[in-house]
Amino acid sequence: MPATTHRSAADLVAAGLVPPEKLIELERVAARYAVSLTPEMGELIDPADRLDPIARQFIPDPAELDRRPNESVDPIGDDPNSPLEGIVHRYPDRVLLKLAYVCAVYCRFCFRREMVGPGRRRALSGAALAAALAYIREHPQIWEVILTGGDPLILSGRRLRAVMAALALVEHVKVLRIHTRVPVAAAALITPALVRALAASGKATYVVLHANHERELTPAARAACARLVDAGIPMLGQSVLLRGVNDDPATLAALLRALVECRIKPYYLHHGDLAPGTAHLRTTIAQGQALVRSLQGRLSGLCQPAYMLDIPGGHGKSPIGPSYIRAAPAGPAGESFEIEDFNGGRHIYPPGPAAG
Ligand code: SF4
């Protein structure tokens with residue numbers, strides 16, 4: 001019998017991933033936040049390892065019921081930037097199109113954890129999707145559409161094909177970007193038919209993979225990513241900096257290198273959002289900056305993501321990585337700069353040409 005997805009605390013106990021004595025407390029967490037763990041992600045977990053980095057991402061933790069005052073149900077401010085259901089229009093030239101409200105797996109740190117999961121509609125209704133597409137058609141400044149959710153690649157090929165075909169007809173939209181965890185969480189869903197549906201739009205189509213630990217890039221996941229890249233779909237990687245998962249230099253470096261080996265360019269390393277009940281998974285910004293600094297110069301430039309913070313309240317993302325440049329005392333020739341190299345050495349960079 002094929003292995004099934006674990007969708008409850010009882011499933012996790014039955015699979016031997018959680019000791020039975022934890023059942024009641026985990027049921028309380030699962031009643032609040034959705035649980036889903038695909039067989040392939042479950043197989044990566046070592047139940048004997050209390051600190052297993054895959055378990056930390058997907059197995060409910062009683063700490064999730066500890067909600068801090070600075071945490072918010074809408075930590076990145078989607079709602080204030082949503083002119084209609086399914087659309088978030090935060091930046092002038094691009095929109096999010098939130099197609100699905102479900103995912104293959106539910107991440108314990110999810111920034112949309114209050115909006116995704118069972119017990120609600122699986123996807124935008126036909127009428128809401130039509131209105132969202134009309135909004136995109138009516139706003140010629142929209143250059144890029146980011147398909148997100150939930151996870152858009154959990155939808156049927158038929159539904160995705162229809163959306164891609166509708167977007168293909170919008171002249172001013174030049175770029176389609178799909179944010180997904182499916183290639184690692186449920187690699188078999190990346191079928192040749194689905195890849196064809198994504199590639200057929202005629203627009204520049206990017207797939208952005210969410211992966212947080214090298215172990216997620218199993219042979220099946222690597223093969224799924226190769227199907228996409230071989231079809232001419234460039235891939236980018238986004239990862240969330242998570243305490244106890246990838247917050248040490250060796251683990252983070254292994255993830256970033258593995259992504260590049262799969263022809264996936266690491267794009268963003270997100271600082272953990274202030275989602276409810278996720279304090280135990282967040283690092284401090286100072287810790288994140290030190291980690292990113294530890295990679296600089298020691299890892300190929302191909303492996304370097306931008307360290308990003310989504311400013312609470314819907315103000316968008318800003319890079320928060322360490323700085324390697326500061327003003328040096330101005331000399332007779334004008335302002336100069338002091339630049340730090342990757343070994344911590346400091347060097348003066350001369351003033352630029354005088355204005356005139
Ligand atoms: S796949 Fe993305 S949207 Fe879904 S639970 Fe994980 S972080 Fe949230």
Side-chain angles (χ1 to χ4, degrees), residues 5-8 12 29-30 32-38 40-42 44-45 53-61 64 71-79 82 86 88 96-124 146-155 160 177-187 189-190 207-213 215-217 221 224-225 235-243 245-246 255 264 267-278 280-282 305 308-310 317:
T5 295
H6 311 303
R7 298 192 187 279
S8 66
L12 296 171
V29 183
R32 180 75 187 82
Y33 299 113
V35 172
S36 177
L37 179 67
T38 53
E40 50 259 72
M41 287 291 106
L44 293 180
I45 293 174
I54 309 299
R56 224 167 138 68
Q57 294 184 67
F58 301 116
I59 304 279
D61 186 317
E64 292 173 55
E71 293 175 338
S72 159
V73 295
D74 182 18
I76 70 167
D78 279 352
D79 287 349
S82 180
V88 177
L96 301 183
L97 174 55
K98 296 206 261 186
L99 277 184
Y101 300 117
V102 286
C103 302
V105 282
Y106 290 111
C107 312
R108 308 323 300 168
F109 49 86
C110 177
F111 65 125
R112 296 205 176 107
R113 60 188 334 204
E114 302 281 349
M115 291 109 193
V116 296
R120 66 196 83 220
R121 252 187 300 121
R122 194 174 152 77
L124 267 188
I146 300 161
L147 277 59
T148 182
D151 197 318
L153 293 194
I154 203 153
L155 298 177
L160 278 170
R177 194 191 330 160
I178 297 155
H179 284 187
T180 183
R181 211 149 168 33
V182 162
V184 291
L189 293 181
I190 308 297
V207 168
V208 182
L209 174 71
H210 171 183
N212 302 320
H213 194 280
R215 267 162 50 191
E216 294 170 43
L217 291 159
C225 294
M235 288 189 73
L236 303 169
Q238 60 176 341
S239 306
V240 183
L241 180 55
L242 294 167
R243 177 146 47 116
V245 174
N246 55 19
L255 166 68
I264 301 169
Y267 168 56
Y268 280 165
L269 175 66
H270 297 278
H271 187 73
D273 293 310
L274 295 172
T278 61
H280 60 296
L281 291 167
R282 286 195 297 275
M308 304 298 289
L309 176 74
D310 241 303
K317 291 182 180 61

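All figures in this text were calculated on a predicted structure; none of them were measured in a lab. We count ligands from 1, going down the list as the structure has it; atoms in each ligand are counted the same way.
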Quiz item: Is Asp78 close to Lys98 at the side-chain level, that is, under 4.5 Å between some pair of heavy atoms?
Solution: yes
Exercise. Find out whether Pro152 and His179 are in side-chain contact, i.e. whether some heavy atom of one side chain is under 4.5 Å from a heavy atom of the other.
Key: no
Practice problem: For Arg181, counting its heavy atoms only, list the atoms of ligand 1 lying under 4.0 Å from any of them. | Solution: 1 (S)
Practice problem: Around atom 4 (Fe) of ligand 1, find the nearest protein heavy atom and jot down its residue, atom name and distance. | Solution: Cys103 SG, 2.3 Å
Quiz item: Is it true that some N/O/S atom of Cys107, main chain or side chain, lies under 2.8 Å from atom 8 (Fe) of ligand 1?
Solution: no
Quiz item: Given side chains that start at C-beta, do those of Glu216 and Glu40 come closer than 4.5 Å, heavy atoms only?
Solution: no
Practice problem: Answer with side chain, backbone, both or neither: which part of Val105 has a heavy atom less than 4.0 angstrom from an atom of ligand 1? | Solution: backbone
Practice problem: Tell me which part of His210 gets within contact of ligand 1: side chain, backbone, both or neither, using heavy atoms under 4.0 Å. | Solution: side chain
Quiz prompt | Min side-chain heavy-atom separation Lys317-Tyr268 under 4.5 Å | solution = yes
Exercise. Any atoms of ligand 1 less than 4.0 Å from a non-hydrogen atom of Tyr106? List them with their elements.
Key: 5 (S)
Exercise. Taking the side chain as every heavy atom from C-beta outward, state whether Val35 and Arg7 have any atom pair closer than 4.5 Å.
Key: no
Quiz item: Identify the closest protein heavy atom to atom 8 (Fe) of ligand 1: which residue and atom is it, and at what distance?
Solution: Cys110 SG, 2.3 Å
Exercise. Using atom types as modelled and distance alone, determine if a side-chain donor or acceptor of Glu71 lies under 3.5 Å from a backbone N or O of Gly277.
Key: yes
